[in-house]
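Here is the naming used below: chain letters follow the sequence lines, and residue numbers restart at 1 for every chain. Heavy atoms only: backbone and side chains are in, while hydrogens, waters and symmetry mates are out.
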Amino acid sequence: MKNKLNNSHILALKVFIHLGALLPFIYTCYQAVTDQLGADPVEALIHFTGISAFNLLLLSLLVSPLAKRLRQGLLLKVRRLLGLYAFTYALSHLLCYVVFELQLDWSLVLSEIIKRPYITVGFAALLILFALTLTSTQAAQRKLKGTWQSLHNWVYVAVLLGALHFIWSVKLDIIEPLIYWAMTLTLLYWRKDKLMAAIKRWKIKQKKTLA
Amino acid sequence: MLIKVPAKSSCNENQVTDEKIYQQRRSLLKSMGFMGAASSLSSSHVNAFDLFGSDDKTFVTQALDFKPAANYRSTEQQTPESKVISHNNFYEFGTAKSDPQANAQGFKVDPWSLTINGLVEKPLTLDYADLFKKVALEERIYRLRCVEAWSMVIPWVGFSLAELIKQSQPLSGAQYVAFETLYDPKQMPGQKSRWTGGGIDYPYVEGLRIDEAMHPLAFLAVGLYGKTLPPQNGAPIRLVVPWKYGFKSIKSITRIRLTAQKPPTTWNILAPNEYGFYANVNPEVDHPRWSQASERRITKGGLFDLSRNPTQMFNGYSEVAPLYAGLDLKRNY
C-alpha cells in the first residue's frame, strides 16, 4: 500500500515530537529565568507546564483511535514517547510548585498536598503517570504480561483526575477547564466498549473475592 | 491695495499648536518613555505559543502634582512599575492577568462622573478634573496582598477616603459605604460577555463598614508611580485598602453610597465560603483551597529572585486592629 506510514515516517514523527516537546520547554525556562515571562514568572511557568502535560496526555490518548481510524498501526509507536513527555511535564509542574511557589517549605508542601483536594487529586494523577513511566519499557511489558494492560488502563483514571485538578484550581474562569473536560470525555467515549468491558471484568472479580 | 505675501516659513493661525496640547508635551514625552517600556515589555510577554502580538495603542498617563505623605512610607523594595501595570486582576477586561493591559488601552476616563450620595447631608458629584483637586494629593507606599497569595509594594498617589466622605457630611444613620465600578459593556469586554468576564454579575460592587472607610489608611488612588492610573489599575479612581485582600480595592469607581444596611460585595456573592465581607489579610485563616500563611512577593528579577514571606496579620497594618476588637475574625473572614 502506498499510503501506509513506514518506519522512516515514524522516525521523523518522533524527531518532531522531541523537538515540539523540548524546544518550548527550554525557551520558556529561559524566559522565566531572565524575567521575560510577565510579572509573575512562577504562575506562568506552573500554568505552562501543567497545561502542556495535559495536552501531551490527550495527544497520547488520541494515538490509538487515530491509528484505528486511519488504519496506520505503526502510529502506535509514538504513543509511549508522548506519554513519557506528559509525565516529564507533569513532574516539572509539581517541581515548579514546590521549588518556586512554596520555595521548598516542606511542611507546607506536605500539608497542601493533604489538605487541598485539588492538589491531592493532581498528585494522585502524577503518581499514576509515574507508575506507567516506570513500566513503560518493553522488558516490563514482557514481564508483566496481562497485568501490564490493566495497569496501563489507569491512564484513564489519571486523565480524569487531571481534568478535576484543573477545574478545581481555577478561581472563576472555568471555560478552559470545561474545554479540557470535553476533550477528555470525547477520548474516553471513543473507548466506551473497552472501558465497559474493563469495568465488567472488575465487577466480576469483586464478586468472586466477596464469595 | 496692499497684497500680503506671507513668507514661506511663517505659520498660519490653524497651524498653531493648541495650548492644551502644548502644555501636555512634558507628559507626552514622559508617556513616550513609558510607552517604550510598555512595548518592550509586551513583546517580551509573548510566550512560546503566542502567535499574535497585543494591541498597538497605549493609554496615555499624565504626571501628577503631589506631596509624599509624612507617614505611610516604606523601605521595602518596590514592585517595578512595569509589573504593577501588567499583572492585574480586573475581570471587566478579561480573566487572565495580562488581559487588562491588553484590552483596556482604549478605555475613556475623561469625562468621568463619581457621585457620593445616600445617607449624606451634601451629595457630591465629581467630574474628571475634580478627582485630582477636590482633596490635595499625596503619595503613599502600601503593600498590596492578593487573596491568591502574591503581593506587591506600590507607590500610590491619591487621598484619604475619609477626607472625601467628610465633605459629603455623613448622616448619623450611615453604617456602611458601598462602592460601584463603572458599568459600560461597550468599553468593558468582560461585562459584555459572560465568557470573557468570568461569569460575574456586573457591575462589580464592594463595601466597607463606615469606621473602616473613615480610617486614615483607607485611600482613594488616582495615580501610581507619580502618574495618573493606567486603566488596568483602575483609572481614573480606585480604592486602596491595604489591610484587606486586593479584591476589596475596587477599581474605576463611579458611585459611593452611604447606607444603613451591609451592602452586597461581588466575590462574597460568587463564593461566600471562600470570600467574606471583611476579607482582612489574616495568615491564620486559610482560603479553603490554599494556605494564606505566606505570600510570594513580586519584585524585580526572574524566577530565582522571588522571595516567599510570611503573611502578616492585617498585612502588617496593625493600627487597624482596634476596629475589630471583640469580633471573631475566623468566622468573619
Side-chain angles (χ1 to χ4, degrees), chain A residues 20-49 51-52 55 96-105 107-120 165 167-176 178-179, chain B residues 40-49 79-80 82-89 91 94-99 101 146-150 152 190 194-200 247 267 270-271 274-275 286-291 293-294 296 298-310:
Chain A
L22 283 174
L23 291 181
F25 187 79
I26 294 166
Y27 180 60
T28 306
C29 286
Y30 166 78
Q31 283 188 312
V33 173
T34 54
D35 198 15
Q36 298 177 57
L37 210 60
D40 189 353
V42 177
E43 190 190 305
L45 204 56
I46 289 177
H47 188 70
F48 166 74
T49 48
I51 208 79
S52 302
N55 288 338
C96 284
Y97 176 69
V98 169
V99 177
F100 300 116
E101 174 73 43
L102 303 184
Q103 308 198 344
L104 299 175
D105 180 345
S107 63
L108 187 59
V109 172
L110 206 67
S111 70
E112 292 287 274
I113 291 178
I114 296 167
K115 262 177 25 192
R116 318 283 167 203
Y118 84 99
I119 296 179
T120 316
H165 168 71
I167 202 161
W168 231 337
S169 69
V170 298
K171 223 161 109 199
L172 199 60
D173 190 17
I174 57 166
I175 298 157
E176 204 185 355
L178 281 180
I179 294 170
Chain B
S40 65
L41 187 95
S42 64
S43 68
S44 64
H45 227 113
V46 175
N47 70 37
F49 293 113
T79 305
S82 62
K83 297 207 172 194
V84 175
I85 64 168
S86 65
H87 191 74
N88 310 95
N89 277 324
Y91 284 14
T95 52
K97 297 281 188 301
S98 54
D99 283 348
Q101 191 186 36
C146 180
V147 75
E148 297 164 3
W150 52 266
M152 293 183 173
R194 290 187 74 78
W195 298 109
T196 316
I200 289 178
F247 67 86
W267 278 96
L270 286 164
E274 298 190 346
Y275 312 99
D286 283 350
H287 185 281
R289 289 182 285 149
W290 56 84
S291 165
S294 55
R296 219 153 24 72
I298 295 175
T299 51
K300 67 175 163 52
L303 205 49
F304 294 101
D305 300 307
L306 291 154
S307 62
R308 194 169 186 94
N309 308 334

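- Counting only heavy atoms from C-beta outward, the side chains of A:R116 and B:S291 approach each other to under 4.5 Å.
- Neither the backbone nor the side chain of B:V84 comes within contact range of chain A; no heavy atoms are under 4.5 Å apart.
- Of the atoms belonging to A:I174, not a single heavy atom falls under 4.5 Å from chain B.
- Residue contact with chain B, scored on non-hydrogen atoms closer than 4.5 Å, involves the backbone and the side chain of A:L102 alike.
- At a 4.5 Å heavy-atom cutoff, A:S111 makes no contact with chain B through either its backbone or its side chain.
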Give the C-alpha distance, both sets of side-chain angles, the deciding distance and a yes or no for side chain to side chain contact (heavy atoms under 4.5 Å, CB included) between B:W267 and A:L172. CA-CA 10 Å; B:W267 278 96; A:L172 199 60; 3.7 Å; yes
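- Here B:S82 contributes atom OG and A:D35 contributes atom CG; the two are 7.5 Å apart, rounded to the nearest 0.5 Å.
- Most heavy-atom pairs under 4.5 Å with chain A, from the set B:K300, B:M152, B:E148: that is B:E148.
- A distance of 8.0 Å separates CD in A:E43 from CD1 in B:I298, rounded to the nearest 0.5 Å.
- There is no contact between B:P80 and chain A, counting heavy-atom distances below 4.5 Å.
- Using a 4.5 Å heavy-atom cutoff, the side chains of B:R308 and A:L108 are in contact.
- Heavy atoms closer than 4.5 Å to chain B are found nowhere in A:V99, neither backbone nor side chain.
- Looking at A:F100, both its backbone and its side chain come within 4.5 Å of chain B, counting heavy atoms on both sides.
- With a 4.5 Å cut-off on non-hydrogen atoms, B:N89 touches chain A through its side chain but not through its backbone.
- Only the side chain of B:S294 comes within contact range of chain A, with at least one heavy atom under 4.5 Å from a heavy atom of that chain.
- The two residues A:P41 and B:K83 come nearest to each other via the heavy atoms CD-NZ, 4.4 Å.
- Most heavy-atom pairs under 4.5 Å with chain A, from the set B:H287, B:R289, B:H87: that is B:R289.
- No part of B:E274 comes within reach of chain A, as not one of its non-hydrogen atoms sits under 4.5 angstrom from that chain.
- Of all non-hydrogen atoms in B:W195 and A:I175, the two that sit nearest each other are O-CD1, 2.9 Å.
- Counting heavy atoms from C-beta on, the side chains of A:V42 and B:R296 come closer than 4.5 Å.
- With a 4.5 Å cut-off on side-chain heavy atoms, A:K171 and B:Y91 count as touching.
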